[in-house]
Novice: 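Supplied in structure tokens, the structure appears directly below.
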2 protein chains.
Amino acid sequence: MSTAVVVTIFTVVRNRLSVLLIERSEKPFQGIWALPGGLLQPGETLDDAATRKLQEETGLQDVFLEQLYTFDNLAQTKTETTVAYFALIHDADAKLRQELEWKPEWFPLSTLKALAFDNQIILENAKDRLRSKLEYTNIAYSVLPESFTLSEMQHVYEAITEEPLDKRNFRKKIVSLGIVQETGRLKKQGAHRPAKLYKFMNRTQTVI
Amino acid sequence: MSTAVVVTIFTVVRNRLSVLLIERSEKPFQGIWALPGGLLQPGETLDDAATRKLQEETGLQDVFLEQLYTFDNLAQTKTETTVAYFALIHDADAKLRQELEWKPEWFPLSTLKALAFDNQIILENAKDRLRSKLEYTNIAYSVLPESFTLSEMQHVYEAITEEPLDKRNFRKKIVSLGIVQETGRLKKQGAHRPAKLYKFMNRTQTVI
DNA sequence: CCAAAAGTGTTCTGACTACACCCATGC
DNA sequence: GCATGGGTGTAGTCAGAACACTTTTGG
């Protein structure tokens, strides 16, 4: 009878919403991919444990991480309750653990196989919450670099919602919300017109 | 190291949003009002325990009840995690336990004193969630009788949001949402014009 | 006839949708 | 000069907000 945390870590890799999974090297569910998680350590709070897990797998701290839902009866182990968290990060900032066993890897949501335990349910839950929060908060900041173009930002929105967006309407809306600020200058990056760079006014979660 | 549930039970009594509290007859926090709650019993799921608590205090089953958030370090007892739930009920349906000790009672939110444990935080959390769900779901059905007038419904909305609403706009919106249906006939009830009665199309939670 | 609550429509404004062309660059 | 992605404006529609008077009843 103990408490565990599990963390659904999302990012956008090459315009695809992806989740961090770990191939289990022990029973139960040996060889099956699972969300990162584990038992609370003595003296640790739930938030502590989720923060630690996120840090262990990605090296990141001080990023978007929030509690999702609490499940019971996960699998047939003796864990009684599992508190699920979800995080959203900028993939270039993450340094994944490089180990032979329990190796973490990004998977686009569209390419998922069967997951261990009840992780599928947790993941669906996390995806719903992520999409819903994208609509009424600025959490997109979590998945973008410090400075970015509006096209990059639009691709993030499209990856998460899986809906194409109209370019002009998207830009009009983001600008009128006043959540980003034009910053610095144009940059040269390829065979096309240089883009304006923007940054978020707030790199903490705010309701918009 | 164990898991507890606590249930924030809301209703609207005489146009005031109210919550069910119990005066503790034992330490810790003896004599202080607290949200109903307790430890999980062996073999019980979280939902089971919350359902049982709700039933013990109000006699009700099959009403709106959902998980809210999971807290740790509640007070200095040895309980490790507390899973909070919230419920919304029609007060005339509830039959409160009538006991001398641990007696439950409705309190309008505006008249609250200090609460035991971290119940104040849980309550704020529950109130926020309730208000937010009122906006995008039909949960008002939970606090209304089978058949009701649009004025009664408006009073429920006003009690929960603590904002006055325009009568014409409210009615226009509710009717256009198609979540209620005119039913039966007028009724006579006092020194005023008889009102049309409505009922919800769905007495389960739906997103609107 | 008076008090009390029920019922009802119009106008204005702001947000969202749909939609097509020119621009700056690298090769 | 052409391919690539960046950048921009207008018109239509719909939902929400503001707002005041008449109706039915009981006493």
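Each chain gets a letter, A, B and so on, in the order its sequence line appears, and its residues count up from 1.
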Novice: Apply ring-ring contact (aromatic ring centres under 6.0 Å, His included) to Trp106(A) and list each qualifying residue two or more places apart in sequence or on a separate chain.
Specialist: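 By the ring-ring contact (aromatic ring centres under 6.0 Å, His included) rule, Trp106(A) matches no residue at all.
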Novice: Which residues pass the side chain to side chain donor-acceptor pair (under 3.5 Å) test with Tyr141(A), not counting sequence neighbours?
Specialist: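 By the side chain to side chain donor-acceptor pair (under 3.5 Å) rule, Tyr141(A) matches no residue at all.
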Novice: Find which nucleotide of DNA chain C each of His192(B) and Tyr198(B) is nearest to by heavy atoms, and output the residue with the more 5' nucleotide.
Specialist: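 This one resolves to His192(B).
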Novice: Quick one: Glu135(A) CD to dC16(C) P, roughly how many Å, whole number?
Specialist: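 About 11 Å, once rounded to whole Å.
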Novice: With sequence neighbours left out, write down each residue that passes ring-ring contact (aromatic ring centres under 6.0 Å, His included) with Phe86(B), or none if nothing qualifies.
Specialist: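 Per chain and number, Phe86(B) pairs via ring-ring contact (aromatic ring centres under 6.0 Å, His included) with Phe64(B).
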Novice: With sequence neighbours excluded, tell me which residues meet salt bridge (Lys or Arg N to Asp or Glu O under 4.0 Å) with Arg129(A).
Specialist: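 With neighbours one apart ignored, the set is Glu66(A).
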Novice: Which residues pass the salt bridge (Lys or Arg N to Asp or Glu O under 4.0 Å) test with Glu135(B), sequence neighbours left out?
Specialist: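 Salt bridge (Lys or Arg N to Asp or Glu O under 4.0 Å) check on Glu135(B) returns nothing, list empty.
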Novice: Would you call the rings of Phe148(A) and Phe200(A) parallel, tilted or perpendicular, where under 30° means parallel and over 60° means perpendicular?
Specialist: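 Tilted.
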Novice: Check DNA chain C against residues 157-177 of chain A and give the residues with a non-hydrogen atom under 4.0 Å, in numerical order.
Specialist: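 Hits under 4.0 Å, by residue number: Asp166(A), Arg168(A), Asn169(A), Lys172(A), Lys173(A).
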Novice: Going by number, which of residues 136-155 of chain B have a non-hydrogen atom under 4.0 Å from DNA chain C?
Specialist: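 Residues of residues 136-155 of chain B under 4.0 Å from DNA chain C: Ser151(B).
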Novice: The criterion is ring-ring contact (aromatic ring centres under 6.0 Å, His included); which residues satisfy it with Tyr198(A), sequence neighbours excluded?
Specialist: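 Partners of Tyr198(A) under the ring-ring contact (aromatic ring centres under 6.0 Å, His included) test: none.
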Novice: Taking only residues two or more places apart in sequence, or in another chain, which ones meet Arg193(B) in a salt bridge (Lys or Arg N to Asp or Glu O under 4.0 Å)?
Specialist: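 With sequence neighbours excluded, Arg193(B) shows a salt bridge (Lys or Arg N to Asp or Glu O under 4.0 Å) to no residue whatsoever.
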Novice: Nucleotide range of DNA chain D contacted by chain B, 5' to 3', under 4.0 Å to a heavy atom?
Specialist: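 Range of nucleotides within reach of chain B: dG16(D) to dG26(D).
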Novice: Please list, chain by chain and in numerical order, all residues satisfying ring-ring contact (aromatic ring centres under 6.0 Å, His included) with Tyr157(B), sequence neighbours excluded.
Specialist: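 If we apply the ring-ring contact (aromatic ring centres under 6.0 Å, His included) test to Tyr157(B), skipping adjacent residues, the hits are Phe170(B).
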Novice: Please enumerate all residues that pass salt bridge (Lys or Arg N to Asp or Glu O under 4.0 Å) together with Glu162(A), with sequence neighbours excluded.
Specialist: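 Testing Glu162(A) for salt bridge (Lys or Arg N to Asp or Glu O under 4.0 Å), a comparison that skips the adjacent residues, returns Arg131(A).
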